[in-house]
Amino acid sequence: AFHSLFNLLGLAVFLPVLKPYSHWLGQRFAQPEERPQLSAQSVEVPDAALAASAELLRDMRYDAVVLALHQFHLRPELLSLPPEIEHALQAHYDRHKNVPERYAMLKESESQLLAFSLELQKGALDRQQAQQLQAQVSEARALVYSSKTQMDVRENVASLRHARDDMLTAIYKTHRNFVKKAYRIYLELSHLPLAEKVVREKAAELLSENDSHYHENNERARSITPGPASPDPSLPSVLNVNREMHHSIKDLIHGRDIE
C-alpha cells in the first residue's frame with residue numbers, strides 16, 4: 001500500500017509537467033520539414049507551376065509571421081487563430097531557426113521564386129496566369145521588405161523591452177499587442193480569396209489602425225525625457241521603432257494587393 005501511494009504521489013507531481021515535456025521532446029527530436037523547392041518543378045504546365053509557387057509563397061507568409069513573433073517574444077497560441085492556421089503556424093515556429101536564419105530563408109525563397117518566374121515567363125502564359133505570377137513575385141518581395149524592416153530594429157526593440165522607464169515599456173507592450181492583432185488578421189485574410197469584399201474591408205481597417213497606432217506611439221514617445229546618463233533608448237531610437245513597425249505591417253498588407 002505504501003509503494004502504491006508513493007507511486008501515485010510521484011505521478012501527481014509529474015502530471016503538470018508532462019505536456020510541456022512532451023512538447024519539448026517533439027521539438028527536440030522532430031524531423032525538420034522540407035521547404036517547397038521550385039527547382040524540381042516543371043514549368044511546362046503553367047497552372048501546376050503556379051500552384052507550386054503559391055505553395056512556396058504560403059510558406060514565406062508563415063516564416064515572416066514567425067520572425068515577427070520572435071521579435072516580440074510571442075507564441076502562436078497567443079494570436080487566437082483558427083485551429084488549422086494555428087497548427088500550420090506552430091509547425092513553422094517549431095523549426096530550429098533563429099531570427100537571422102529565418103530571414104535568410106525568406107531571402108532564399110524569394111530568389112527561388114524570382115528565378116522560377118523568369119523560367120515560367122519563357123512559356124506561353126495567358127493574361128490571368130501572367131497576372132497571378134506577377135502578384136506572387138510582388139508579394140514575395142513585400143514579405144522580404146517587411147521582415148527586413150523588422151530585422152533593422154531588432155536591437156531597438158530589445159532595448160525597449162528592457163527599459164527602466166515604465167512609459168517606454170508601455171510603448172513596447174502596445175507594439176507587442178498590435179503585432180498580435182495585425183498578424184492574426186493578416187493570416188486569416190491570407191486564407192480568403194482576394195475578391196471577397198470582407199478581405200478588402202478588413203485590410204483597409206487594419207491599415208487605418210496601423211496609422212493610428214503609429215501616431216499614438218509617437219505622441220507617447222515625445223512625452224518621455226530620459227536623463228543624459230539613462231541606459232534607456234533615446235527618443236530617436238523609439239521613433240525609429242515606431243516608424244519601422246508601421247512600415248513593416250503596411251508592407252505586409254500592401255503585398256497581397258488588398259489595400
Side-chain angles (χ1 to χ4, degrees), residues 56-74 76 78-79 89 92-93 95 97-114 135-163 168 171-187 189-190 203-222 233-259:
L56 179 66
L57 190 57
R58 283 192 294 270
D59 210 59
M60 290 181 68
R61 289 178 194 143
Y62 282 112
D63 279 331
V65 173
V66 168
L67 189 148
L69 296 188
H70 278 299
Q71 177 97 308
F72 286 92
H73 290 204
L74 292 165
L78 295 176
L79 271 62
L89 182 61
H92 284 73
Y93 187 92
R95 290 171 175 166
K97 303 291 181 183
N98 58 32
V99 171
E101 288 171 336
R102 288 184 186 277
Y103 178 68
M105 288 167 62
L106 278 166
K107 287 286 293 178
E108 193 273 334
S109 293
E110 181 197 23
S111 297
Q112 269 198 66
L113 187 53
L114 288 173
Q136 289 179 352
V137 170
S138 295
E139 184 177 356
R141 285 176 173 167
L143 287 168
V144 171
Y145 291 155
S146 177
S147 298
K148 174 64 164 59
T149 303
Q150 295 264 356
M151 289 282 292
D152 288 344
V153 291
R154 283 182 67 210
E155 292 184 4
N156 293 146
V157 170
S159 66
L160 266 182
R161 183 169 61 249
H162 299 297
L168 287 172
I171 290 176
Y172 169 79
K173 289 176 182 177
T174 64
H175 280 305
R176 189 174 188 266
N177 288 333
F178 191 68
V179 161
K180 281 196 295 185
K181 178 178 183 178
Y183 283 83
R184 172 179 57 80
I185 293 173
Y186 168 74
L187 283 178
L189 294 183
S190 72
E205 290 175 6
L206 182 55
L207 286 170
S208 177
E209 286 187 53
N210 189 39
D211 290 342
S212 298
H213 174 74
Y214 170 58
H215 294 301
E216 289 167 5
N217 269 339
N218 279 350
E219 288 303 312
R220 291 187 183 98
R222 291 188 180 100
S234 64
L235 176 59
S237 294
V238 179
L239 294 177
N240 186 45
V241 170
N242 295 346
R243 182 182 64 252
E244 298 303 281
M245 289 304 302
H246 176 252
H247 287 323
S248 179
I249 292 172
K250 186 167 64 174
D251 283 341
L252 200 71
I253 302 302
H254 283 313
R256 286 210 75 215
D257 192 25
I258 52 178
E259 66 273 18

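Atoms considered below: every heavy atom in the structure, side chains included; atoms not considered: hydrogens, waters and symmetry mates.
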side-chain contact (heavy atoms from CB on, under 4.5 Å) test vs Val157 passes for just one of Arg154, Arg161, Glu155, namely Arg161
All heavy atoms of Pro233 vs all of Ser159, minimum pair found to be CB-OG, 3.6 Å
Taking atom types as modelled and ignoring hydrogens, do the side chains of Asn217 and Thr174 form a donor-acceptor contact shorter than 3.5 angstrom?
yes
Quiz item: Under 3.5 Å, is there a donor-acceptor pair between the His92 and Asp59 side chains?
Solution: yes
Quiz item: Under a 4.5 Å cut-off applied to non-hydrogen side-chain atoms, are Gln150 and Tyr103 in contact?
Solution: no
With a 4.5 Å heavy-atom cut-off, do Leu252 and Arg61 have their side chains touching?
-> no
Practice task
Give the C-alpha distance, both sets of side-chain angles, the deciding distance and a yes or no for side chain to side chain contact (heavy atoms under 4.5 Å, CB included) between Asn240 and Asp152.
Solution key: CA-CA 10 Å; Asn240 186 45; Asp152 288 344; over 6 Å; no
Between Gln71 and Val153, the two heavy atoms sitting closest are NE2-CG2, 3.9 Å
Hey, does Leu69 have a side-chain heavy atom less than 4.5 Å from the side chain of Leu79? yes
Is there a ring-ring contact (aromatic ring centres under 6.0 Å, His included) between Tyr93 and His70 once you walk through the steps? CA-CA 9 Å; Tyr93 187 92; His70 278 299; 4.8 Å; yes
Stepwise side chain to side chain contact (heavy atoms under 4.5 Å, CB included) test for Arg220 and Val238
CA-CA 10 Å; Arg220 291 187 183 98; Val238 179; over 6 Å; no
Side chains of Lys181 and Arg184, heavy atoms from C-beta outward: is any pair under 4.5 Å? yes
The reported gap from OH in Tyr172 to NE2 in His162 (rounded to nearest 0.5 angstrom) is 8.0 Å
If you count the non-hydrogen atoms of other residues, nucleotides and ligands that lie under 6.0 Å from NZ in Lys148, is the total more than 12?
no
Heavy-atom nearest pair, Ala64 first then Tyr183, reads O-CE2, 4.4 Å
Value for OH (Tyr62) from CG (Leu106), rounded to nearest 0.5 Å, stands at 14.5 Å
When you measure from the side chain of Asn177 to the backbone of Lys173, do you find a donor-acceptor pair of N or O atoms at a distance under 3.5 Å?
yes
| said: Keeping Ser208 on the side-chain end and Ala204 on the backbone end, is there a donor-acceptor pair under 3.5 Å? | reply: no
Heavy atoms of Leu113 and Ala140 approach each other most closely as CD2-CB, 3.5 Å
Discussion item. If the threshold is 4.0 Å, N to carboxylate O, is there a salt bridge linking Glu101 and Arg95?
Written reply: no
Given the rule in the side chain to side chain contact (heavy atoms under 4.5 Å, CB included) test, do Leu189 and Ile253 qualify, once you have shown the distances and angles that lead to the verdict? CA-CA 10 Å; Leu189 294 183; Ile253 302 302; 5.5 Å; no
Look at the aromatic rings of His213 and His175 and report parallel, tilted or perpendicular, splitting at 30° and 60°.
perpendicular
- prompt: Taking the side chain as C-beta and beyond, is there a heavy-atom pair between Phe72 and Met245 under 4.5 Å?
  reply: yes
